[in-house]
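In what follows, every heavy atom counts, from backbone to side chain, and hydrogens, waters and symmetry copies are set aside.
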Amino acid sequence: MREKQWRSCRFMINGLAHKIQYNEATIQELFLPFLRMMSRKQKAVKGRLVILLAAPPGTGKSTLALLLEKLSQTEEGLVSLQALGLDGFHHTTAYLRSHKAEVDGKMVPMTAIKGAPETFNLEHLKEKLAKVRTENIRWPVYDRSIHDVIEDVTTVKQDIVLLEGNWLLLGSGGWQDLRDFADYTVFVEARPEDLKERLIRRKMLGGSSQKEAESFYERTDGVNVERVLNDSWPADETWQMLPDGDYRLLKRTPKVRLVDREALWKKPDVKLGDSPLLNSLARRMSQLTPQDKAEGRGAYEKGFLEGLLAARDDIIRRLHRDGMGEQELCASFEIEPEALKRILDQT
């Protein structure tokens, strides 16, 4: 395994300076090929290309977006990309102080959950996205030196815009509508334990004690991490942040017909009907033990996960019967050869 060579970069984000390191090999083998692909797409559409980059807190998405912007404007042959942030669409501090939001069936002050999707002005974001493809509009920013939004600061003028944020692929609350404005989507995954360490360290660098940073993580950052990782829709392309802060391509979703793509993004209809998958889930729910059923929601989750795994295994066996090789199956479904063998041996 070759030793990683790190390149240092400095960026200003939300009024604060950041020094970040990136693996040179990742720049050459992931970031630049991605930018070349986006440049080809922009030339094909002959207009402004809109990319959504979604990721949980702690993955470095803001600095990553700025690095892609810098690379696009310094590497020969690339269409210039402009990085934009979701943070400028927070509700103002005055609004947060005077409003509440419903969380888990309870009304709580918005200031207590600042950063959650309920504290953003989603309709304002949709208005901007409706215009950005054809107009050089002005974009709001969030200034951390004053902890508030400043309207109409940045002029959008490049042929590719990349919008980064936690909630851009959230599958509920109206956020799912954002994909209608996007030509391409990217999601950055990471292990929750790695993000916890990074977020606590970041809070301590900002002046908090370790106890205060850990408490903030449990109360706020940790909740948002889990929500982004569990409730985001699939992206066209998924990257993974590694424990050392490096990135790698995890998977790229094959291009599908529009009707199939729309089905992927719609919230599932939970009526049983003739759906084999949902009937499989119902059958497994009926097979749960009395102890399982007594656990309530936990039992539902168990049945749901068991049903999804059974459906996945059935798909794998069908693909294998139709000629898909074992190596390709392992790569596509991210499973080990031993696990694949057990699945294929099932009758």
Verify, without hydrogens or angle tests, whether [X] (side chain) and [Y] (backbone) share a donor-acceptor contact under 3.5 angstrom.
| X | Y | result |
| --- | --- | --- |
| R48 | V132 | yes |
| S72 | S80 | no |
| E75 | L32 | no |
| E127 | L125 | no |
| S215 | K211 | no |
| H90 | D87 | yes |
| H320 | I316 | no |
| Y95 | M110 | no |
| R248 | M241 | no |
| S232 | V228 | yes |

Between [X] and [Y], does any side-chain N to carboxylate O distance fall below 4.0 Å?
| X | Y | result |
| --- | --- | --- |
| R198 | D194 | no |
| D152 | K128 | yes |
| E218 | K196 | yes |
| E237 | K41 | no |
| D177 | K126 | yes |
| D221 | K203 | no |
| D159 | K43 | no |

More than 12 heavy atoms of other residues, nucleotides or ligands under 6.0 Å from [atom1] of [X]: is that the case?
| X | atom1 | answer |
| --- | --- | --- |
| Q28 | CD | yes |
| Q73 | CD | yes |
| E193 | CD | yes |
| K114 | NZ | yes |
| R138 | CZ | yes |

[X] and [Y]: which non-hydrogen atoms are nearest, and at how many Å?
| X | Y | answer |
| --- | --- | --- |
| Y22 | L64 | OH-N, 3.3 Å |
| T59 | Y247 | O-OH, 2.5 Å |
| P56 | K61 | O-NZ, 3.6 Å |
| E164 | G85 | OE2-CA, 3.6 Å |
| P140 | E151 | CB-OE1, 3.7 Å |
| A65 | A83 | O-CB, 3.5 Å |

- prompt: How far apart are the C-alpha atoms of V186 and D236, what are their side-chain angles, what is the distance that settles it, and do they pass the side-chain contact (heavy atoms from CB on, under 4.5 Å) test?
  reply: CA-CA 6 Å; V186 180; D236 295 305; over 6 Å; no

Taking the side chain as C-beta and beyond, is there a heavy-atom pair between [X] and [Y] under 4.5 Å?
| X | Y | value |
| --- | --- | --- |
| V149 | V141 | no |
| Q176 | L169 | no |
| R227 | N166 | no |
| R312 | I335 | yes |
| D104 | K106 | no |
| E326 | P337 | no |
| D345 | K341 | yes |
| C330 | E336 | no |

Distance (rounded to the nearest 0.5 Å) between [X] [atom1] and [Y] [atom2]:
| X | Y | atom1 | atom2 | value |
| --- | --- | --- | --- | --- |
| L52 | L163 | CG | CG | 6.0 Å |
| L195 | L229 | CG | CG | 6.5 Å |
| R219 | N224 | CZ | CG | 11.5 Å |
| I146 | T93 | CD1 | OG1 | 8.0 Å |
| L78 | L35 | CG | CG | 5.5 Å |
| Q21 | T63 | CD | OG1 | 12.0 Å |

query: Would the F89 and W167 ring centres measure less than 6.0 Å apart?
result: no

Is there a path of hydrophobic side-chain contacts, each under 4.5 Å between heavy atoms, that joins [X] and [Y]?
| X | Y | value |
| --- | --- | --- |
| V156 | I160 | yes |
| L250 | V188 | no |
| L86 | L96 | no |
| L53 | I27 | yes |
| L30 | L242 | no |

Examine the side chains of [X] and [Y] and answer whether a donor and an acceptor come within less than 3.5 Å of each other.
| X | Y | answer |
| --- | --- | --- |
| E189 | T238 | no |
| H91 | E118 | no |
| T26 | D246 | yes |

Salt bridge (charged side-chain N to carboxylate O under 4.0 Å, His left out) assessment of R342 paired with E338: CA-CA 6 Å; R342 288 195 295 272; E338 296 78 8; over 6 Å; no

- request: Could you give me the CA-CA distance, side-chain angles and deciding distance for L162 and E69, then say whether side-chain contact (heavy atoms from CB on, under 4.5 Å) is met?
  value: CA-CA 8 Å; L162 184 150; E69 176 183 276; over 6 Å; no

field: side-chain contact (heavy atoms from CB on, under 4.5 Å) evaluation trace for L122 with L178
entry: CA-CA 9 Å; L122 180 58; L178 297 186; 4.1 Å; yes

task: For side-chain contact (heavy atoms from CB on, under 4.5 Å), just list the numbers for I51 and T185, CA-CA rounded to whole Å, side-chain angles, deciding distance to a tenth of an Å, and then say yes or no.
output: CA-CA 6 Å; I51 307 167; T185 57; over 6 Å; no

task: Specify whether F34 and W239 have parallel, tilted or perpendicular ring planes, treating 30° as the upper limit for parallel and 60° as the lower limit for perpendicular.
output: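 The rings of F34 and W239 stand perpendicular, inter-plane angle above 60°.
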
task: Anything under 30° is parallel, anything over 60° is perpendicular, the rest tilted; go ahead and classify W175 against F120.
output: perpendicular

- request: List, by chain and number, the other hydrophobic cluster members for V108, where Ile, Leu, Val, Met, Phe, Trp and Tyr join if side-chain heavy atoms come within less than 4.5 Å, directly or indirectly.
  value: V103, I113

task: Keeping to residues at least two apart or across chains, list the ring pair (Phe, Tyr, Trp, His ring centres under 6.0 Å) pairs with something in residues 185-224.
output: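 As it turns out, there is no ring pair (Phe, Tyr, Trp, His ring centres under 6.0 Å) pair with a partner in residues 185-224 once direct neighbours are skipped.
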
